[in-house]
2 protein chains.
Amino acid sequence: MGIAKESSTIQMNKQFALAQCPVTHLMEKIGSYWKPIILYHLSTGDKRYSELKRAIPAITEKMLIQHLKQLEADHLLIRESKPVVPPFVTYRLSKAGYGLLPVIQAMADWSFKDMDGAFQ
Amino acid sequence: MGIAKESSTIQMNKQFALAQCPVTHLMEKIGSYWKPIILYHLSTGDKRYSELKRAIPAITEKMLIQHLKQLEADHLLIRESKPVVPPFVTYRLSKAGYGLLPVIQAMADWSFKDMDGAFQ
DNA sequence: ACAAGTACTTACTCCAAAGTATGTATCATG
DNA sequence: CATGATACATACTTTGGAGTAAGTACTTGT
């Protein structure tokens, strides 16, 4: 396997990385600051839009709805809206979203251990 | 626990979120595109700087060294340099870094399943 | 003498992600 | 009659994360 001299761009390399590295594949879907946090809050049960907003005070409405849309487009969660007024919209994890729970859980576990000083 | 009206900024909210949400705590440390990928490559064994560079062709040298420094500052990996010439620098996971392996492994597992269509 | 390999550093630029600040439709409530 | 709650949308601005490109110091190989 020779090293390709300089014939490829970063974008082509990214395609290569995608094919080679599984973590890269996941990062393309939840690799942002807010997405795992949103998924964490949905892991404890379905939530309305406003419940998520209150659960994550640091996020702006624009970011929240943007990431919810992206997560929905990536089939990680399902949006359900009842045609009533005031609107009643619920978000819940999809099958693939539930599949992410071990990741989210492992993240939470690590954090609790780290905050307890278990790694010092 | 009343809801504080509008007296706090996003930054203050972020502090709050940090205290409340474990996933947020982790995202502050590895919440970037490249860091989990770097950790994944170190999970299979210690690596020299140039080995990481070749293992992750899509990353630029600047990004690689920048993230390595940050991961070192966050005590997730350990840098060891032998005072020889040419330089010989090795990176390996710290205790906290090893603690992240379940997270990385869960990420990889999910990706393989997702690529196999297990979630469709 | 000059290129190549090692592990970086620094300066400059750029674009997309994120923040700020509004607007919208509908109904209940005071 | 105006405010609040709901679940968004949209325009504008800003920031910082990321890319490009070049340089550094030292030695080995040809």
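Convention: sequence-line order gives letters A, B, ...; per-chain numbering from 1.
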Does [X] have a side-chain nitrogen or oxygen under 4.0 Å from the phosphate oxygens OP1 or OP2 of [N]?
{"X": "B:Thr60", "N": "D:dA18", "answer": "no"}
{"X": "A:Arg48", "N": "D:dA7", "answer": "yes"}
{"X": "B:Tyr33", "N": "C:dA17", "answer": "no"}

Nearest whole angstrom, please: distance from the [atom2] of [N] to the [atom1] of [X].
{"X": "B:Ile65", "N": "C:dA7", "atom1": "CD1", "atom2": "C1'", "result": "7 Å"}
{"X": "A:Phe88", "N": "D:dA7", "atom1": "CZ", "atom2": "C1'", "result": "12 Å"}
{"X": "A:Leu52", "N": "D:dA5", "atom1": "CG", "atom2": "C1'", "result": "16 Å"}
{"X": "A:Lys53", "N": "D:dA7", "atom1": "NZ", "atom2": "P", "result": "8 Å"}
{"X": "B:Trp34", "N": "D:dG19", "atom1": "CH2", "atom2": "C1'", "result": "11 Å"}
{"X": "B:Met63", "N": "D:dA21", "atom1": "CE", "atom2": "C1'", "result": "14 Å"}
{"X": "A:Lys82", "N": "D:dA7", "atom1": "NZ", "atom2": "C1'", "result": "15 Å"}
{"X": "B:Lys47", "N": "C:dT6", "atom1": "NZ", "atom2": "C1'", "result": "18 Å"}

Hey, does B:Gln66 reach any base, or is it just sugar-phosphate, or nothing, if we go heavy atoms under 4.0 Å? nothing
For A:Lys69, report the nucleic acid contact type (base, sugar-phosphate, nothing); a contact means any heavy atom under 4.0 Å. sugar-phosphate
For atom NE2 of A:His41, decide whether the heavy atoms of other residues, nucleotides or ligands shown that lie under 6.0 angstrom number more than 12. yes
So, does the side chain of A:Lys62 form a donor-acceptor pair with the base of D:dA9 at under 3.5 Å? no
Assign each of B:Val85 and A:His67 the nucleotide of DNA chain C bearing its closest heavy atom; nearer the 5' end lies the nucleotide of B:Val85
Comparing B:Tyr49 and A:Pro86 on DNA chain C - which has the more 5′ nearest nucleotide: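 Its nearest nucleotide lies further toward 5', so the answer is B:Tyr49.
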Mind checking the CE-CG spacing from B:Met107 to B:Leu101? Nearest 0.5 Å is all I need. 12.0 Å
Single hit among A:Leu93, A:Ile78, A:Ile38, A:Leu42 for side chain to side chain contact (heavy atoms under 4.5 Å, CB included) with A:Leu71: A:Ile38
B:Lys82 NZ/CZ over B:Phe88 ring centroid, <6.0 Å and within 45° of normal: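 Here B:Lys82 passes the 6.0 Å and 45° test against B:Phe88.
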Check: A:Leu77 and A:Arg92 side chains under 4.5 Å, non-hydrogen atoms: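 Counting from C-beta outward, A:Arg92 and A:Leu77 never come under 4.5 Å.
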